[in-house]
Amino acid sequence: MFSSTARRLWVSGAFRSALVVGGAGTVAAVALSPSSPANSAAAVVLDPNTAASSSYSTERTPTPALPRRSGAAPVPGEPTFTRSQVASNDGVEGRPMWVSYRGGVYDATEFRRIHPGGHIISQAAGADVSAFWDVWAHHHHSPKVGQYLKEIRIGALKEKDDEEATHDPYDSEPVRDANVQTIFMDRPYCSETPVEHLGSSYLTSPAALYVRNHAPVPDCAWEPEGESRESNIQHHEVVFEEGDAGASPTFTVADLQSRFGTVTVTSILQCAGNRAGEDIKATGNSGFTGSPLERITVGMLGNAQWTGVRLAEVLPALYPKECAAAAQHGGGEWHVVFEGADGYSGSTPLARILDPKNDCILATHMNGEPLSPDHGYPMRALLPGIAGARNVKWLQSISLSRVPVDAPWNEYYYKNRDGEQIQQLPLQSIITDTAQKEGTQLLEVRGLAYSGGSGNSIARVEVSSDDGKSWSEATIKTEEVKKDQSSKSFGWVRWTAEVPRTAQVCCRATDTEGKTQCEISPKQRGYLYNGWSKVKVEM
């Protein structure tokens, strides 16, 4: 379910203004006592030389324009309708639901039942969808949208459409470094870390870490003029919603930190669609085919140290009955819903988050610095081993629900082949670099590996130069793994190997439970590909 805050974001005409409003009318109903818990350790002080870059830009800039997609072509002899006629068909009380777009009128009455965004389409009932699509710009990229428009067009609009947007929701985006990011889309911004940067350091720098946005970056991603980023974090508020029957207390980050302390944990962050291009090549077309994201290679992935407050301590304090019941029954009947200031939301089973060994935190820092604007400043959910889509950024509210959130990213996208919502990431290894060893016929191969949602350690990585007929064990660089408050091994390890020089090399990883990557992983609608990493070598 969407909270009242999220619903306001969807229907607001002044979208960017709405993005900075969180929990309007909500007041703090519970005071957190400034106790000093036993685990309130300070954040780990990191060596600035460990990451490839130790800073990022906080400047803002307009994003390159994205032309609106065409509407469906007019049909000879089709009827015409006025705006008032369109508005009267608002889908309420049994009336049809019509929308308009670029001079066309569309009957979405039946389509809304299969709309990837679920009931959200009803927010545009009887109106022009252009303003919504300017924000959720995926509509201008997806090849499916054009076909849907063609199928549901019923006529033309008598009045001329205003083709000029009154406000550009992407007019103030973060400045990004194209030298350390491969850009797939500017609206919404999506990028990956180029492979030559991916394995260049144990920790990924904020400037290089991949970005998967679904909407414009909200204004809360920047501190107010005259205030430091650190102090602004302390003032940031999060609403803990209790539903219609109870209050919805609001707490600042300072409140949460004073009660629960902070911890620093190491974890990869990975988009569920990483390696989408390899998946298409190995198993055929997917939902990414035909979109800019079909070019994703291995770089929607990074490794970092994250600092924040443990959710396994916060949630039982604020939802004692639900968490106690979850502890008795395994927690499967409850889901934690995270909502961001951009209108995006996701959910993850409460049982996963309540287990303190899973290191789930409300993160405010990455590699010792405040989060960057693109990565969720001032606070985000950080759920180690869980797909990036559930690690909601620019966090504004948290709630518990007996069902997963009914947002499009839960209901339609980020689902596996069985239609289940993707949560845990799979075991993974990736080749990042190959080079001939000077004076020999040997090939030096370098890469990284991690166990995904299990948090198991990597037992071994193997490299083959003969398509898997024989394998050579790699050397894992365990000495560079950071010592912090991590309970499991959610970070990656880097490795090196030497094999006879050949036209192609591949690798596979095995974790401490004996799980090993298969050559080609099963089709999962384009997500979670973890077959052997195969790289051609220049001869």
Side-chain angles (χ1 to χ4, degrees), residues 182 184 192-200 204 210 268 270-289 293-303 387 416-417 425-437 440-452 458-477 492-511 514-539:
T182 300
F184 300 119
E192 71 173 356
T193 308
V195 68
E196 61 268 24
H197 292 286
L198 188 63
S200 63
T204 308
Y210 84 94
I268 58 98
Q270 184 212 304
C271 178
N274 197 40
R275 302 184 69 188
E278 290 179 75
D279 176 72
I280 292 170
K281 183 178 179 180
T283 67
N285 289 343
S286 72
F288 292 98
T289 303
L293 299 181
E294 69 179 358
R295 297 184 289 116
I296 297 172
T297 61
V298 297
M300 290 195 103
L301 166 69
N303 190 52
N416 63 20
R417 59 180 174 173
L425 295 168
L427 173 68
Q428 191 72 263
S429 65
I430 291 170
I431 294 172
T432 58
D433 183 42
T434 62
Q436 183 172 355
K437 188 174 182 180
T440 74
Q441 288 301 306
L442 294 176
L443 194 68
E444 295 178 326
V445 185
R446 288 176 284 275
L448 49 90
Y450 53 97
S451 62
I458 296 297
R460 65 181 180 275
V461 176
E462 299 166 295
V463 180
S464 176
S465 58
D466 56 10
D467 295 323
K469 295 182 180 68
S470 63
W471 296 91
S472 299
E473 189 163 343
T475 299
I476 297 175
K477 302 170 73 173
W492 69 32
V493 291
R494 297 193 297 166
W495 52 264
T496 61
E498 291 184 359
V499 295
R501 190 177 181 212
T502 185
Q504 178 176 278
V505 290
C506 57
C507 72
R508 67 183 183 186
T510 300
D511 70 10
K515 296 176 183 175
T516 302
Q517 288 172 265
C518 57
E519 182 175 4
I520 298 174
S521 62
K523 192 72 170 178
Q524 302 282 4
R525 299 178 61 184
Y527 300 113
L528 303 181
Y529 186 75
N530 73 323
W532 298 349
S533 178
K534 300 180 179 181
V535 173
K536 294 190 180 299
V537 179
E538 291 186 11
M539 299 297 288

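- Heavy atoms only, all atoms of each residue included: Thr510 and Leu427 are closest at CA-CD2, 4.4 Å.
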- [ ] List the steps and the verdict of side chain to side chain contact (heavy atoms under 4.5 Å, CB included) for Arg275 and Ser533.
- [x] CA-CA 9 Å; Arg275 302 184 69 188; Ser533 178; 4.1 Å; yes
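- Annotation for Gln504 and Lys536: closest pair OE1-NZ, 3.5 Å, computed over non-hydrogen atoms.
- Atom NZ of Lys281 sits about 10.5 Å away from atom CD1 of Ile520, to the nearest 0.5 Å.
- Taking the side chain as every heavy atom from C-beta outward, Thr182 and Tyr210 never approach each other to under 4.5 Å.
- Atom-to-atom distance recorded for Asn530:CG and Cys518:SG is 6.0 Å, nearest 0.5 angstrom.
- With hydrogens and angles disregarded, a donor-acceptor distance shorter than 3.5 Å links the side chain of Gln428 to the backbone of Tyr529.
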Task: Test side chain to side chain contact (heavy atoms under 4.5 Å, CB included) applied to Trp495 and Ile458, step by step - done: CA-CA 11 Å; Trp495 52 264; Ile458 296 297; over 6 Å; no
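- Taking a cutoff of 4.0 Å between a charged side-chain nitrogen and a carboxylate oxygen, Glu519 and Arg508 do not qualify as a salt bridge.
- For Arg446, the side chain to side chain contact (heavy atoms under 4.5 Å, CB included) partners two or more places apart in sequence, or in a different chain, are Thr432, Asp433, Ala435, Glu444, Thr496.
- Side-chain contact between Glu278 and Val298: present, with at least one pair of heavy atoms (C-beta onward) separated by less than 4.5 Å.
- The backbone N or O of Arg501 sits nowhere less than 3.5 Å from a side-chain atom of Gln441 that would complete a donor-acceptor pair.
- A 4.5 Å side-chain heavy-atom check between Ile268 and Leu301 finds at least one atom pair inside the cut-off.
- Residue Ser451 comes nearest to Asp511 through the heavy atom pair CB-CB, 4.5 Å, listed as atom of the first residue, atom of the second, then distance.
- Gln436 CD to Leu442 CG: the interatomic distance, rounded to the nearest 0.5 Å, is 8.5 Å.
- Within the 4.5 Å cutoff, side-chain heavy atoms of Trp471 are placed close to those of Cys506.
- In this structure, Trp492 and Arg494 have side chains that are in contact, with non-hydrogen atoms separated by less than 4.5 Å.
- Gln270 contributes no side-chain N or O that, together with a main-chain N or O of Leu425, makes up a donor-acceptor pair within less than 3.5 Å.
- Side-chain contact check for Asn274 versus Ile430: some heavy-atom pair is nearer than 4.5 Å.
- Closest heavy-atom contact between Pro500 and Ser465: O-CB, 3.5 Å.
- Looking at heavy atoms from C-beta onward, Val195 lies out of side-chain contact with Thr297 at the 4.5 angstrom threshold.
- Thr204 places a side-chain N or O within 3.5 Å of a backbone atom of Asn303 that can act as its donor or acceptor partner.
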Task: Residues Asp466, Thr502; criterion side chain to side chain contact (heavy atoms under 4.5 Å, CB included); working and verdict - done: CA-CA 8 Å; Asp466 56 10; Thr502 185; over 6 Å; no
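- Partners of Ser286 according to the side chain to side chain contact (heavy atoms under 4.5 Å, CB included) rule, which considers only residues two or more places apart in sequence or in another chain, are Asp279, Ile280, Phe288, Thr289, Lys523.
- Contact between Gly199 and Leu448 at its shortest, heavy atoms only, is CA-CD2, 4.5 Å.
- Rounded to the nearest 0.5 angstrom, Lys469 NZ and Ser464 OG are separated by 8.0 Å.
- Ser521 and Gly531 make their closest contact through OG-N, 3.7 Å (heavy atoms, listed as atom of the first residue, atom of the second, distance).
- Note that SG of Cys271 is 8.0 Å distant from OH of Tyr527, once rounded to the nearest 0.5 Å.
- To the nearest 0.5 Å, atom CG of residue Asp467 and atom NZ of residue Lys534 are 6.5 Å apart.
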